[in-house]
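Have a look at the structure below, then the notes.
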Amino acid sequence: MAKELTTRSENYSQWYLDLVNKADLAENSAVRGCMVIKPYGYAIWEKMQAQLDRMFKETGHSNAYFPLFIPKSFFSKEAAHVEGFAKECAIVTHYRLKNDPEGKGVVVDPEAKLEEELIIRPTSETIIWNTYRNWIQSHRDLPILINQWANVVRWEMRTRLFLRTAEFLWQEGHTAHATKEEAIEETLKIINLYAEFAEQYMALPVIQGVKSENERFAGAVETYCIESLMQDGKALQSGTSHFLGQNFAKAFDVTFANKEGTLDYVWATSWGVSTRLMGALVMAHSDDNGLVLPPRLAPIQVVIVPIYKKMEELARISEKVDELIPKLKAKGISVKYDDNDNKKPGWKFAEYELKGVPVRLAMGPRDLDNGTVELARRDTLTKETVSFEGIETVVEKLLEEIQESIYNKALNFRNENIRKADTWDEFKQILEEKGGFIAAHWDGTGETEQKIKEETKATIRCIPIEQEAEAGKCIYSGKPSSGRVLFAIAY
RNA sequence: CGGGGUGUGGCGCAGUUGGUAGCGCGCGUCGUUCGGGACGACGAGGCCGCUGGUUCAAGUCCAGUCACCCCGACCA
């Protein structure tokens with residue numbers, strides 16, 4: 001057992017870190033807080049990207065690219081925005097190095113100080129709205145529906161691979177609209193798109209909701225989000241879509257002539273998901289044997305392992321496998337035939353389980369004689385011997401079944417972990433003993449939310465969009481409330 | 001920024017009262033193996049994070065310094 005994982009029950013957090021490392025997803029780099037995303041991890045991210053990109057384009061968005069650097073002055077234009085990001089910005093002050101006059105290495109050349117410092121983007125609203133000013137004169141220039149795939153930097157005090165890193169990869173959509181209604185519609189369209197992606201592709205059930213004022217994006221009028229639940233009962237914000245009102249248009253003086261011929265400020269949205277989704281994917285489905293990947297995002301969906309003693313046996317197996325591979329590929333299934341002679345089958349079985357490959361086929365002399373193949377599924381760790389003839393159809397169906405099955409498993413877990421609390425004691429007890437989401441009444445004030453956070457570490461994850469109005473009393477203050485909100489301890 | 005911890009072959013670690021570095025994994029070659037992480041033989045690989053001090057002698061003692069990791073507060 002070369003690669004032993006910490007178990008989830010032993011130490012969930014260590015299990016996560018072990019898994020990210022040992023499944024070759026990512027590792028810490030020479031730069032504090034920044035990760036190296038390794039080829040296998042990046043392959044998963046690329047599958048996410050490809051699908052999201054397709055979905056953005058289907059909904060009318062185009063990709064573009066804006067600079068990594070933002071002039072410092074741009075940040076002071078939107079008060080709430082600067083307030084939110086100022087304390088975690090990396091700043092470029094110089095543009096040149098020189099040989100150290102003292103002799104060793106290089107030093108920053110003091111002569112090369114920038115007139116105005118550049119901020120490495122923590123998010124791009126400012127530079128984009130500064131650009132939009134030049135692009136928009138008339139309602140005929142609207143809407144602008146742009147997305148960019150980029151890296152951003154937020155100098156976090158404490159980082160964790162994928163979940164929170166100083167630099168991360170993401171996409172950020174920035175749209176401009178002529179009317180408030182249209183911008184709100186866009187915000188909702190995207191949060192729905194994110195939910196669909198999470199559920200259909202990541203097999204991750206999410207709750208759509210609205211953020212409380214405390215949790216709202218810096219500069220937004222309203223923040224919509226998708227919230228998911230990890231196996232340890234903590235919540236993870238998995239994507240956000242912001243209705244920015246006219247805040248950025250006003251800050252950057254972006255106006256347009258409307259149909260009536262009068263000048264008005266442009267309405268804005270912005271939205272994003274990041275490599276944090278990788279963390280969500282790992283934590284939502286995986287087990288003590290390693291990753292469990294949903295087939296739709298698995299870089300390798302099927303691995304074929306030959307079992308043989310002599311090279312001539314391998315040749316006979318390879319011959320059969322060579323018949324099968326084109327049939328699987330024709331169905332759009334990604335397949336790897338691991339005929340590496342340096343590793344034994346047992347080693348390969350363990351390795352591909354660790355890497356979360358959804359389906360494994362093993363074929364040995366016994367199978368050659370019987371016209372069979374061993375079929376194993378990663379999510380349930382079960383295996384059976386089935387007929388080789390027509391296996392491609394069986395695999396195709398099985399992949400769909402696995403996709404659905406891990407979604408349902410996660411959904412059941414999530415649903416079992418949404419609990420109602422009607423008193424403060426009950427609230428604290430659930431939080432301490434069970435975790436998960438707690439649906440409770442709240443008086444709607446930031447003060448109450450803050451106090452609850454101070455006393456329990458739980459925050460309002462969202463005010464769910466789909467829920468029935470229900471009169472009640474705030475669990476903390478006892479003041480009247482018109483509906484429940486979801487609390488949880490979050491990542 | 002608080003609290004804890006760690007820096008020794010690629011990775012994980014050991015190293016006693018100071019005496020000039022060892023184990024496991026991995027790696028290379030050869031042979032036997034191969035249906036759940038194989039075994040044997042031989043072999044390669046280390047300024048012991050960095051700086052200074054004590055000493056005949058420092059991985060080990062002292063002082064300083066740097067870095068990273070984990071836990072918290074802050075945050076996608």
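Nearest to the side chain of A/Tyr308, among B/rG35, B/rG37, B/rC34, sits B/rC34. Side chain of A/Lys457, nearest nucleotide from B/rG37, B/rG72, B/rG35: B/rG72. Of the candidate nucleotides B/rA76, B/rC69, B/rC34, B/rA76 has the atom lying nearest to any side-chain atom of A/Ser274. Comparing B/rC34, B/rA76, B/rG36 against the side chain of A/Arg154 picks out B/rA76 as the nearest. Among the nucleotides B/rC34, B/rG36, B/rC68, the one closest to the side chain of A/Arg32 is B/rC68. For A/Glu156, the side-chain atoms get nearest to B/rA76 when compared with the rest of B/rG37, B/rC68, B/rA76. Checking B/rC70, B/rG37, B/rG36 against every side-chain atom of A/Trp347, the shortest atom distance belongs to B/rG37. Listed nucleotides B/rC74, B/rC70, B/rC34 differ in distance to A/Lys344; the shortest reach to its side chain belongs to B/rC34.
Of the P atoms belonging to B/rA67 and B/rC74, the separation is 25 Å, rounded to the nearest Å. Distance noted for atom P between B/rG59 and B/rG19: 9 Å (whole Å). Using C1' as the reference atom, B/rG26 and B/rU65 are 34 Å apart when rounded to the nearest Å. Taking atom P on both nucleotides, B/rC47 is separated from B/rU8 by 13 Å, rounded to a whole Å. Across the P atoms, B/rC25 and B/rC61 are found 29 Å apart, a figure rounded to whole Å. Taking atom C1' in both B/rG7 and B/rG46, the straight-line distance is 14 Å, to the nearest Å. Taking atom P on both B/rA44 and B/rG10, the two are 16 Å apart, rounded to the nearest angstrom. Taking the P atoms as reference points, B/rA38 lies 16 Å from B/rU33, given to the whole Å.
Checked against the 6.0 Å centroid criterion, the rings of A/Phe437 and A/Phe487 do not qualify as a close aromatic pair. A centroid separation of less than 6.0 Å is found between the aromatic rings of A/Trp271 and A/His61. Under the 6.0 Å cut-off for aromatic ring centres, A/Trp424 and A/Tyr476 qualify, their centroids lying closer than that.
The residue A/Lys87 sits close only to the backbone: its heavy atoms come under 4.0 Å of sugar-phosphate atoms, none of a base. Residue contacts for A/Thr165: at a heavy-atom cut-off of 4.0 Å it reaches a base atom on one of the strands shown. At a threshold of 4.0 angstrom between heavy atoms, the contacts of A/Lys343 are confined to the sugar-phosphate backbone, with no base atom among them. Among the atoms of the strands shown, only primed sugar atoms or phosphate atoms (P, OP1, OP2) are found under 4.0 Å from some heavy atom of A/Asn28. Among the atoms of the strands shown, base atoms are found under 4.0 Å from some heavy atom of A/Phe168. No contact: A/Leu236 has no heavy atom under 4.0 Å from any strand. Residue A/Thr275 is classed as having no contact, given no heavy-atom separation below 4.0 Å to the nucleic acid. Counting non-hydrogen atoms under 4.0 angstrom, A/Glu374 reaches a base of the nucleic acid.
Rounding to whole angstrom units, CG of residue A/Leu161 and C1' of B/rC70 are separated by 12 Å. Atom CG of A/Asn340 and atom C1' of B/rC34 are 13 Å apart (whole Å). Rounded to whole Å, atom C1' of B/rC70 lies 12 Å from atom CG of A/Asp18. Counting to the nearest Å, the P atom of B/rG37 and the NZ atom of A/Lys348 are 14 Å from each other. Residue A/Glu88 contributes atom CD, which lies 7 Å from atom P of B/rA76 at whole-angstrom precision. Look at CZ on A/Arg276: it is 5 Å from C1' on B/rA76, rounded to the nearest Å. A/Glu384 has its CD atom 17 Å from the P atom of B/rG36, to the nearest Å.
Between the base of B/rG36 and the side chain of A/Lys383 there is a donor-acceptor pair shorter than 3.5 Å.
Pair check for B/rG72 finds B/rC1; Watson-Crick or G-U wobble, both atom distances under 3.5 Å. The base-pairing partner of B/rC34, taking Watson-Crick or G-U wobble contacts with both distances under 3.5 Å, does not exist among the strands shown. The partner of B/rC27 is B/rG43, by the rule that a Watson-Crick or G-U pair needs both atom distances under 3.5 Å. B/rU6 and B/rA67 make up a base pair, with Watson-Crick or G-U wobble contacts both under 3.5 Å. Across all strands shown, B/rG18 has no partner, as no Watson-Crick or G-U wobble contact with both distances under 3.5 Å is found. B/rC61 and B/rG53 make up a base pair, with Watson-Crick or G-U wobble contacts both under 3.5 Å.
Shortest non-hydrogen contact noted between A/Ser241 and A/Ile190 is OG-CB, 3.8 Å. Across all their heavy atoms, A/Ala218 and A/Gly84 have their closest contact at CB-CA, 3.7 Å.
With A/Trp347 as the aromatic partner, A/Lys344 does not meet the cation-pi criteria of under 6.0 angstrom to the ring centre and within 45 degrees of the ring axis.
How far CZ of A/Phe69 is from CZ of A/Phe74: 14.0 Å, rounded to the nearest 0.5 Å.
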